[in-house]
Amino acid sequence: MPAARTAVPPPLPGRPASTQDAWIEDLCRHLFVSFTRADHHLKGEQYVRGLLTAPGRKSIRNIARTLEDTGAAQRLHHFICNAPWNWRAVREALSEYLVRRARPRSWVVRPMLIPKSGTNSVGVHRRFVPATGQLVNGQLAYGLWYANQSLVAPVDWRLHLPAPDSGPFALSDEGVARVLSLARRSACPETAELPPMVWDSQMHHAADVLGALTPLGLPVMARTPGSLPLLLVDRYGRPSRRGALPAQRILAAPERFSLPVHNVAPGVRAILARVAPARTGESGGAGELLLYAQRYEDAEAYDGHGTGARADFWLTTSAVAGKVPAELHLLTRTAARVARDSVRTGGRTGLRDFEGRSYDGWHRHMTLASAAYLVQTLTALDAVRSAREAQRPCAPEYAYPSTGAPRGPGRRVCEQPLTLVG
């Protein structure tokens, strides 16, 4: 006999469930289909709710306090750190939930530094942060983010566990396979076009990432420092005799290299140039690439995530070559949005709050924190949409059938509009 599904208690008479409650119930019903025990479903739902409602740091202890149960902390600790549920299957369900709602416009990979005061947590190392020029004690995680016009949300995580002599981060075979699998499932059914992969990292391995993903046929755009030496390539594919130049010098004087300047947004000017890495060892076999570089003439247009003084630089593969500069600029804006929201919304849903030594515990916490992040975002989008609808002129009810978040167990997510905010 299959295990009975554990559901959220019904609302009191006359008090309908909130939009957030409805999203939690609908999302958890999809995420936890791999669970074989009803109590795991209950604890998973409790944990997601606690991440959204617990005040302050989203530790297991604070989440347990929201349940007003003296034994909840021990049970939730066992559920996160020791219970044998498969966090990979839950993440798979999370990405499927999003892809079925709407095809992503891009996938974004971004590092996230999680400062720690001690050294007992899994993956804690002392690291140099190029953006600040400081040594920081903490964890380094890489998040894979779904992104479309109205929504960004994390769907997968990798915790960097470097050996003492491992050097810079290298994309693992497992990470490449995961990215490729997600990209293929989210391809446009009419054209088989894959959403671009935006690798937003301020480290010096952008060409290596491109070299790893380009042979797989993925359209990739990777951030690179302005100091990276590049060879300009002419229209016949021949490297320039000028020798290698830093990307920032190419952007500083585009007319010297006969490169047109594009006004991609108010206060933002950009260039496109065919380039090749100066040394074969840097490219990882990437071959000829495109340099997309943009300079912010207007201080208000600058988001603060560039690698240079109000400028940033990206290498792209030939699969992205068909996009015009304005489209490439929109991809960089999506990356900036992920960077901003990972701090803002991520801070409210516990992305940096796991305390413990368990590797699997860290991944389980991040999986459920990603689910809480999605609920928080969908609830906020509902609020924006409701506010806009309230400002519209009144019309007969029969002319505008209502749509919104799922209400109760009979309403399914596929009934939602594909884009919550236009």
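Everything quoted here is computed from the prediction, not taken from an experiment.
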Could you tell me if R364 sits above the aromatic ring of W85, with its cationic atom closer than 6.0 Å to the ring centre and no more than 45 degrees from the axis? yes
Nearest atoms (heavy-atom pairs only) where [X] meets [Y]:
| X | Y | value |
| --- | --- | --- |
| A276 | V233 | N-CG2, 3.9 Å |
| A147 | V152 | CB-CG1, 3.7 Å |
| L113 | Q139 | CD1-O, 3.3 Å |
| L230 | A247 | CD1-CB, 4.0 Å |
| P219 | L194 | CG-O, 3.6 Å |
| E45 | F32 | N-CE1, 3.7 Å |

Working to the nearest 0.5 Å, report the span between [atom1] of [X] and [atom2] of [Y].
| X | Y | atom1 | atom2 | value |
| --- | --- | --- | --- | --- |
| N148 | R101 | CG | CZ | 8.5 Å |
| I63 | L52 | CD1 | CG | 9.5 Å |
| L290 | I271 | CG | CD1 | 11.0 Å |
| N86 | R91 | CG | CZ | 10.0 Å |
| T224 | L291 | OG1 | CG | 8.0 Å |
| L368 | K58 | CG | NZ | 14.0 Å |

Over 12 foreign heavy atoms within 6.0 Å of NE2, H77: no
Answer yes or no: are there more than 12 heavy-atom neighbours, outside R61 itself, under 6.0 Å from its atom CZ? no
Between D382 and W23, does a side chain to side chain contact (heavy atoms under 4.5 Å, CB included) hold up when you go through it step by step? CA-CA 10 Å; D382 273 349; W23 280 122; 2.7 Å; yes
For the aromatic rings, using the six-membered ring if either is Trp, is the centroid distance between F35 and H41 under 6.0 Å? no
Non-hydrogen side-chain atoms of [X] and [Y] separated by less than 4.5 Å:
| X | Y | answer |
| --- | --- | --- |
| R249 | P229 | no |
| L251 | F313 | yes |
| Q20 | Q376 | yes |
| Q46 | F79 | no |
| E355 | S59 | yes |
| W107 | W145 | no |
| L98 | P104 | no |
| L374 | Y146 | no |

Using a 3.5 Å distance criterion without hydrogens, assess whether the side chain of [X] forms a donor-acceptor pair with backbone atoms of [Y].
| X | Y | answer |
| --- | --- | --- |
| D341 | R344 | no |
| R57 | N62 | no |
| E327 | V324 | yes |
| S95 | E92 | yes |
| H78 | Q74 | no |
| R310 | Y296 | yes |
| T66 | G50 | no |

Could you please spell out the steps behind the side chain to side chain contact (heavy atoms under 4.5 Å, CB included) verdict for L31 and V48? CA-CA 11 Å; L31 296 192; V48 172; over 6 Å; no
Test ring-ring contact (aromatic ring centres under 6.0 Å, His included), reference H365, set W157, F354, Y359, output is F354
Does the pair W199 and Y142 meet the rule for a side chain to side chain contact (heavy atoms under 4.5 Å, CB included), with working shown? CA-CA 10 Å; W199 187 279; Y142 283 79; 4.1 Å; yes
Go through R110 and V198 one step at a time and tell me if the side chain to side chain contact (heavy atoms under 4.5 Å, CB included) criterion holds. CA-CA 8 Å; R110 178 172 175 80; V198 182; over 6 Å; no
Give a yes or no on whether a salt bridge exists between R75 and D69, defined as a side-chain N under 4.0 angstrom from a carboxylate O. yes
